[in-house]
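All values below come from the heavy atoms of this structure, side chains included, with hydrogens, waters and symmetry mates left out.
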Amino acid sequence: MIRNSLPLLLFFLCYLCLSVATASAQVDHTDNQQWNEVQLAIPLTKTIDFNVLGTLRFGRNITRPVDERLGLGATFRFGKYLSVAPNYLYIGTQPFKNRRVWESRLSLPVTLRFDAGKFRLSERNLLERRIRHPGGNSWRYRNKFQVEHPLGAKDWRLSWFVGDEVFYDWVVDRWVRNRSSAGVIKVFNKHFTEDFYYLRQNDGVSVPGDLNVIGTTLRVRL
């Protein structure tokens, strides 16, 4: 009886082990996150700023840090409408348990801004070189379009904004990510401005790739 049942028992144990291993290997493709960013601008001339950048992102349903960034850069303004802001970021990520990635990122964003009545329109074209360990190196292109408009009374110093950003990654040779965002911009004084926003990311390649994000960006100008 026992001898006849042994193959069935071994099959059951193998199936159980495979099921546990598969479940352990599964990683949720979605996440709820909270992003905090600080941008410090130190004017060097009327048209050039030196920038210090810092970011901390909480993920895994906002239970622990999953992304830390620190960087340096500069902003060069050419007239009223055009700016170029090359920068370097050092990034450490822990997107899910037992996965750590370090990255050095060189970015070259070129931004065009102009007004149309009370609306402010901006388009940013960004090329970045990503040097990752593990994961290899890659080039990526990002395009972001944003619309802003004053909100409420003038002395509120508030504006609302909506934006959309798309990503093209040459590793897979296709558009891989879309980020849609909406929020408000509060100008406290000439030194402090802060954005409060909701962002939705859809990404069929990264894990996790589909994100719901509540975020803030504090801009400090000395």
Side-chain angles (χ1 to χ4, degrees), residues 27-41 51-73 75 85 87-97 99-109 111 122-126 128 130 132 135 138 140-148 151 158-169 175-188 191-221:
V27 177
D28 196 348
H29 194 75
T30 64
D31 197 10
N32 299 305
Q33 298 190 355
Q34 199 262 324
W35 295 358
N36 308 278
E37 183 175 356
V38 177
Q39 302 174 358
L40 173 63
N51 302 320
V52 180
L53 312 169
T55 300
L56 177 61
R57 297 179 178 178
F58 292 89
R60 305 187 201 175
N61 290 318
I62 319 181
T63 59
R64 59 169 298 148
V66 295
D67 190 307
E68 303 87 28
R69 306 179 178 206
L70 187 63
L72 301 172
T75 300
N87 63 80
Y88 165 80
L89 285 173
Y90 183 75
I91 305 170
T93 61
Q94 314 85 44
F96 49 86
K97 189 175 181 181
R99 170 70 169 171
R100 298 184 66 88
V101 180
W102 290 268
E103 178 179 340
S104 290
R105 182 180 299 180
L106 297 168
S107 300
L108 182 65
T111 304
S122 66
E123 182 179 23
R124 185 190 69 189
N125 292 277
L126 187 156
E128 56 189 13
R130 308 176 69 196
R132 295 176 292 174
S138 68
R140 192 164 64 177
Y141 168 73
R142 299 163 57 172
N143 177 269
K144 181 177 181 180
F145 183 75
Q146 182 166 298
V147 179
E148 304 172 21
L151 177 63
L158 275 176
S159 300
W160 59 260
F161 70 89
V162 293
D164 192 72
E165 183 175 18
V166 291
F167 294 63
Y168 187 92
D169 196 325
W175 298 96
V176 295
R177 177 180 294 175
N178 186 86
R179 285 178 178 170
S180 300
S181 57
V184 295
I185 303 169
K186 170 61 179 175
V187 178
F188 295 99
H191 298 294
F192 296 96
T193 302
E194 190 159 13
D195 300 353
F196 305 86
Y197 62 88
Y198 167 78
L199 180 146
R200 172 64 186 181
Q201 173 178 297
N202 294 100
D203 185 321
V205 176
S206 299
V207 178
D210 298 334
L211 306 178
N212 294 299
V213 177
I214 296 174
T216 65
T217 300
L218 176 63
R219 294 190 292 276
V220 181
R221 184 174 179 81

Residues in side-chain contact (heavy atoms from CB on, under 4.5 Å) contact with V147, at least two apart in sequence or another chain: F119, L121, F145, V162

Which residues share a side-chain contact (heavy atoms from CB on, under 4.5 Å) with Y168, sequence neighbours left out: Y141, W170, D173, W175

Working to the nearest 0.5 angstrom, can you tell me the gap between [X] [atom1] and [Y] [atom2]?
| X | Y | atom1 | atom2 | answer |
| --- | --- | --- | --- | --- |
| R132 | S104 | CZ | OG | 12.0 Å |
| L126 | T111 | CG | OG1 | 8.0 Å |
| T217 | E194 | OG1 | CD | 8.0 Å |
| T63 | Q34 | OG1 | CD | 12.5 Å |
| L53 | L72 | CG | CG | 7.5 Å |
| N32 | T30 | CG | OG1 | 7.0 Å |

Greater than 12 external heavy atoms within 6.0 Å of L106's CG: yes

Donor + acceptor pair across side chains of [X], [Y] (<3.5 Å):
| X | Y | answer |
| --- | --- | --- |
| T93 | D67 | no |
| W35 | Q33 | yes |
| Q146 | E165 | no |
| N51 | Q39 | no |

Please identify each residue that fulfils salt bridge (charged side-chain N to carboxylate O under 4.0 Å, His left out) with [X], with sequence neighbours left out.
| X | value |
| --- | --- |
| R200 | none |
| D31 | none |
| E128 | R105, R140, R142 |
| D195 | R219 |

Does any N or O in the side chain of [X] come within less than 3.5 Å of the main-chain N or O of [Y], such that one atom is a donor and the other an acceptor?
| X | Y | value |
| --- | --- | --- |
| D203 | R177 | no |
| H29 | P208 | no |
| D169 | F167 | no |

Residue pair R60, Q94: steps toward the side-chain contact (heavy atoms from CB on, under 4.5 Å) verdict: CA-CA 10 Å; R60 305 187 201 175; Q94 314 85 44; 3.8 Å; yes

Side chains of S181 and V213 in contact at under 4.5 Å (non-hydrogen atoms): no

Residue pair D164 / N178, side-chain heavy-atom distance below 4.5 Å: yes

Check against side-chain contact (heavy atoms from CB on, under 4.5 Å), F192 and V220: CA-CA 5 Å; F192 296 96; V220 181; 3.8 Å; yes

Over all atoms of both residues, closest heavy-atom pair of E68 and V66: OE2-N, 4.1 Å

Shortest non-hydrogen contact from F161 toward V184: CE2-N, 3.6 Å

Working for side-chain contact (heavy atoms from CB on, under 4.5 Å), residues N212 and Y198: CA-CA 8 Å; N212 294 299; Y198 167 78; 2.6 Å; yes

